[in-house]
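Input: a single structure, listed below in structure tokens.
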Amino acid sequence: MSLPYAKELEVAQLAVQRAAILTKRVFHEKAKGTVSKDDKSPVTIGDFGAQALIIAALKANFPDDEIVAEEEAAQLRQDDTLRHTIWDLVHTTQLSDPAAESLLGGPVKDEETMLTFIDYGNSKGGAKGRIWAIDPIDGTKGFLRGGQYAVCLALMIDGDVKVGVLGCPNLPIDDAAPLTGSMESGQTDEGKGVIFSGVLGRGATSRPLTTGDLAQEKSISMRAITDISAATFCESVEAGHSSHGDQARIAQILGITNPSVRMDSQAKYASIARGAGDIYLRLPVSATYQEKIWDHAAGDLIVREAGGAVTDIHGKRLDFTVGRTLANNKGVVAAPTAAHPQVLAAVTEALSKK
């Protein structure tokens, strides 16, 4: 008897792996020295291309599933140059293992099919049915810096995340490698690239990213914290994504003196899940901002399956049932399960003094 969601997991891992090849090509061929996200920027090319490849793989295997994704193809239908640039990447990016590539449905047939696949990402989400959430390049500025970004894919069934996969091309393969400030940029050398996966009730794993079939996996788990003051925070690089001032107050309350490691994307979830860091906080910077489900679904599951707890700042589980955003939640608090109440109490205390 096969394990639950075995096919979904394999397809998701291979789809993320193939999309990560495209994003790395975009970085090396088009991104070096670029810092903006204008319409023809490398981020735009990578976002569209990776989304097309992932959706092609999902539709080849699960044609009736819905998909929530960030991009839509209207812009490409108007911009011939951009469309041709993306198509050149999409139809020439494939896994080097023929059986793995075949499982994903093989190459996309033509430009029009590519646009159709991109537009399949228009599901409104919700509490019913099988819905995949995709963020083709999470951490756009990290991507441009050669720092941390993630290719993110999660399967929700009736609003509950069952499978989560994160491809982190610039994280060290070694699960024991400590987090350092240098991870923000210039991390595209050898010895990097990891796929993190979680299946509800089955734990979390890491494996090296490859260009062919899946590499051997290893089980991962969060680090047990006996003394909260020795913990390490992961936080966003951008102050516009999470309040650095609030974070500093929380560290002070908990007695944490280790410097926070700042990195972009769901690589933060992945890093604490394998014990390279301990606590990830995303603290609201706006009363009205709603987090997107594709920015959290895979990371939330992987951390929980690695022995962590993930809630919002009010202690509520993240709610993926209400559409394309986490409309019922504010912020994120992720920590080892035993330490989570203490971290949450510090968050509450720090935010109550504002």
Side-chain angles (χ1 to χ4, degrees), residues 7-8 10-31 34 37-126 129-138 140 143 151-155 165 167 211-212 292-294 324:
K7 184 178 181 187
E8 287 88 345
E10 184 181 19
V11 170
Q13 289 170 328
L14 287 171
V16 165
Q17 187 150 279
R18 183 169 70 170
I21 296 169
L22 183 140
T23 64
K24 290 175 78 167
R25 284 184 63 192
V26 171
F27 178 80
H28 288 294
E29 293 171 21
K30 304 181 186 300
T34 311
K37 191 176 178 178
D38 64 52
D39 280 349
K40 291 194 175 59
S41 82
V43 170
T44 306
I45 295 165
D47 268 335
F48 278 119
Q51 181 167 317
L53 283 177
I54 292 171
I55 292 178
L58 296 178
K59 284 295 174 185
N61 287 279
F62 313 108
D64 299 327
D65 289 6
E66 287 191 30
I67 298 166
V68 173
E70 203 166 4
E71 308 297 339
E72 53 185 50
Q75 177 189 353
L76 303 189
R77 296 183 192 278
Q78 308 299 320
D79 188 333
D80 292 350
T81 305
L82 182 59
R83 184 176 70 250
H84 295 329
T85 300
I86 293 163
W87 170 242
D88 283 345
L89 285 156
V90 166
H91 84 94
T92 58
T93 299
Q94 54 191 7
L95 295 169
S96 59
D97 182 86
E101 178 66 22
S102 175
L103 181 65
L104 299 185
V108 177
K109 193 169 67 189
D110 51 40
E111 275 190 22
E112 187 55 41
T113 306
M114 175 184 79
L115 299 180
T116 302
F117 282 144
I118 290 168
D119 278 337
Y120 277 131
N122 64 358
S123 167
K124 292 180 170 55
R130 289 170 54 101
I131 304 172
W132 295 86
I134 302 171
D135 193 344
I137 296 181
D138 178 29
T140 54
F143 170 73
V151 180
C152 314
L153 180 58
L155 171 64
V165 177
T211 58
K292 309 293 190 291
I293 62 172
W294 54 75
R324 292 170 70 92

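We use all heavy atoms of the structure for the numbers below, so side chains are in, but hydrogens, waters and symmetry mates are not.
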Next on the checklist: Working note: L95 + I21, criterion side-chain contact (heavy atoms from CB on, under 4.5 Å); need CA distance, chi angles, decisive distance, verdict.
Outcome noted: CA-CA 8 Å; L95 295 169; I21 296 169; 3.9 Å; yes
Checklist entry - Would L58 and D65 count as a side-chain contact (heavy atoms from CB on, under 4.5 Å) if you check the C-alpha gap in whole Å, the side-chain angles of each, and the deciding distance to 0.1 Å? => result CA-CA 8 Å; L58 296 178; D65 289 6; over 6 Å; no
Item to check | Test log, rule side-chain contact (heavy atoms from CB on, under 4.5 Å), inputs I86 and T44 | outcome: CA-CA 9 Å; I86 293 163; T44 306; 5.5 Å; no
Next on the checklist: For W132, give me all partners under ring-ring contact (aromatic ring centres under 6.0 Å, His included), at least two apart in sequence or on another chain.
Outcome noted: F62
Item to check | Derivation and outcome, side-chain contact (heavy atoms from CB on, under 4.5 Å), residues R25 and T92 | outcome: CA-CA 11 Å; R25 284 184 63 192; T92 58; 2.9 Å; yes
Checklist entry - What do you reckon, is NZ of K7 surrounded by more than 12 foreign heavy atoms closer than 6.0 Å? => result yes
Next on the checklist: Parallel, tilted or perpendicular, judged at 30° and 60°: which one describes the rings of H91 and W87?
Outcome noted: parallel
Checklist entry - Short question: side chain of Q51, backbone of I118 - any donor-acceptor pair under 3.5 Å? => result yes
Checklist entry - Measuring from L115:CG to F48:CZ, what's the distance to the nearest 0.5 Å? => result 9.0 Å
Checklist entry - Just by modelled atom types, is the P136 backbone N or O under 3.5 Å from a matching donor or acceptor in the D47 side chain? => result no
Checklist entry - Between N61 (side chain) and L103 (backbone), is there a donor-acceptor pair under 3.5 Å? => result yes
Item to check | Qualifying residues under salt bridge (Lys or Arg N to Asp or Glu O under 4.0 Å), relative to E10, sequence neighbours excluded | outcome: none
Checklist entry - How many angstroms lie between atom CG of L14 and atom OG of S102, to the nearest 0.5 angstrom? => result 11.0 Å
Item to check | Close side-chain approach of L22 and V151, heavy atoms under 4.5 Å | outcome: no
Checklist outcome for this item: Nearest heavy-atom contact between I131 and S123 is CG2-OG, 4.2 Å
Item to check | Shortest non-hydrogen contact between V11 and A57, atoms and distance | outcome: CG1-O, 4.0 Å
Item to check | Closest non-hydrogen atom pair, G212 against A100 | outcome: O-CB, 4.3 Å
Checklist entry - Between atom CD1 of I134 and atom CD1 of I67, what is the distance when rounded to the nearest 0.5 Å? => result 5.0 Å
Next on the checklist: Can you list everything that forms a side-chain hydrogen bond (donor to acceptor under 3.5 Å, both in side chains) with E72? Sequence neighbours excluded, please.
Outcome noted: none
Checklist outcome for this item: Between A52 and M114, the two heavy atoms sitting closest are CB-CG, 3.8 Å
Next on the checklist: Salt bridge check, R77 against E111: does any charged N sit closer than 4.0 Å to a carboxylate O?
Outcome noted: no
Checklist entry - Closest heavy-atom contact between V165 and A12? => result CG2-CB, 3.8 Å
Item to check | Separation of I54 CD1 from Q17 CD (nearest 0.5 Å) | outcome: 12.0 Å
Checklist entry - Side-chain contact, heavy-atom cut-off 4.5 Å: K292 with D135? => result no
Checklist entry - Less than 4.5 Å apart, any side-chain heavy atom of D79 and any of R83? => result no
Checklist outcome for this item: To the nearest 0.5 Å, atom OG1 of T85 lies from atom CG of D80 at 10.5 Å
Checklist entry - Does a donor on one side chain and an acceptor on the other come within less than 3.5 Å for T113 and D110? => result yes
Checklist entry - Any ion pair linking E101 and R18 (charged N to carboxylate O, less than 4.0 Å)? => result yes
Next on the checklist: Distance check, rounded to the nearest 0.5 Å: T23 atom OG1 versus I45 atom CD1?
Outcome noted: 12.5 Å
